[in-house]
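Please read the structure below before turning to the comments.
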Amino acid sequence: MSAAAVERLPERGLGLALDILEQVARSDGGLSAAEIARHVRAARATVYRVVNALARDGYLMRPDDVSGFVLGPRALDLADAMDESRLRALPRPRAEDA
């Protein structure tokens with residue numbers, strides 16, 4: 001297995017990575033990896049690996065003036081790519097699907 005393949009998140013980790021990003025996005029300030037692990041109900045060691053991969057790739061960052069992780073520039077780039085008109089065109093989930 002190549003080094004690049006080892007560094008990528010496994011497919012099953014994608015859901016966890018997205019859960020982590022959602023939790024950090026919902027937080028008022030930063031969240032520590034331990035806090036994130038509690039919120040997503042995953043093993044702390046697993047969360048540390050995923051958080052570090054997300055930080056390495058720019059989706060999370062850990063500023064000096066914030067306690068914990070916050071969204072990084074790549075996550076914000078994704079948000080910026082969705083302009084308001086695109087968001088209105090997206091189908092809304094039905095209450096029974098939630």
Side-chain angles (χ1 to χ4, degrees):
M1 186 177 290
S2 72
V6 171
E7 289 182 5
R8 282 183 281 187
L9 288 173
E11 205 171 297
R12 67 184 181 272
L14 182 58
L16 177 58
L18 292 172
D19 287 346
I20 289 170
L21 288 171
E22 288 177 359
Q23 288 300 320
V24 172
R26 288 185 188 125
S27 71
D28 289 333
L31 287 178
S32 70
E35 290 171 318
I36 294 168
R38 280 194 301 276
H39 285 290
V40 300
R41 296 184 180 146
R44 193 180 289 190
T46 302
V47 169
Y48 276 103
R49 282 194 301 275
V50 174
V51 164
N52 285 322
L54 290 167
R56 180 193 65 229
D57 292 342
Y59 291 99
L60 292 178
M61 59 186 224
R62 194 172 200 164
D64 293 335
D65 60 339
V66 175
S67 173
F69 291 91
V70 298
L71 291 179
R74 289 193 69 191
L76 300 175
D77 288 345
L78 287 174
D80 287 342
M82 295 293 295
D83 63 17
E84 193 172 317
S85 63
R86 282 179 162 170
L87 287 174
R88 279 184 281 198
L90 292 174
R92 302 279 183 221
R94 296 181 309 202
E96 65 243 20
D97 291 340

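None of the values given here were measured: they were computed from a predicted structure.
Residues Ala42 and Leu16 share a closest heavy-atom pair of CB-CD1, 4.0 Å. Scanning all heavy atoms of the two residues, the minimum distance from Val24 to Phe69 falls at CG1-O, 3.6 Å. Between Gly30 and Glu35, the shortest heavy-atom distance links the atoms O-OE1, 4.1 Å. Of all heavy-atom pairs between Arg62 and Gly68, the closest is CG-O, 3.4 Å.
Partners of Arg74 according to the side-chain hydrogen bond (donor to acceptor under 3.5 Å, both in side chains) rule, which considers only residues two or more places apart in sequence or in another chain, are Tyr59.
Val70 and Val40 end up in different hydrophobic clusters when Ile, Leu, Val, Met, Phe, Trp and Tyr side chains are linked at under 4.5 Å. Both Leu78 and Val51 belong to a common hydrophobic cluster when Ile, Leu, Val, Met, Phe, Trp and Tyr are linked at side-chain heavy-atom distances under 4.5 angstrom.
Side-chain contact between Leu60 and Leu71: present, with at least one pair of heavy atoms (C-beta onward) separated by less than 4.5 Å. In this structure, Val47 and Arg44 have side chains that are not in contact, with every pair of non-hydrogen atoms separated by 4.5 Å or more. Counting heavy atoms from C-beta on, the side chains of Arg49 and Thr46 come closer than 4.5 Å.
Checking Asn52, Val50, Asp57 one by one against Leu54, the side chain to side chain contact (heavy atoms under 4.5 Å, CB included) holds for a single residue, Val50.
Once rounded to the nearest 0.5 Å, the distance linking CZ of Arg26 with CG of Leu31 reads 11.0 Å. Note: Arg41 CZ to Asp19 CG = 11.0 Å, rounded to the nearest 0.5 Å.
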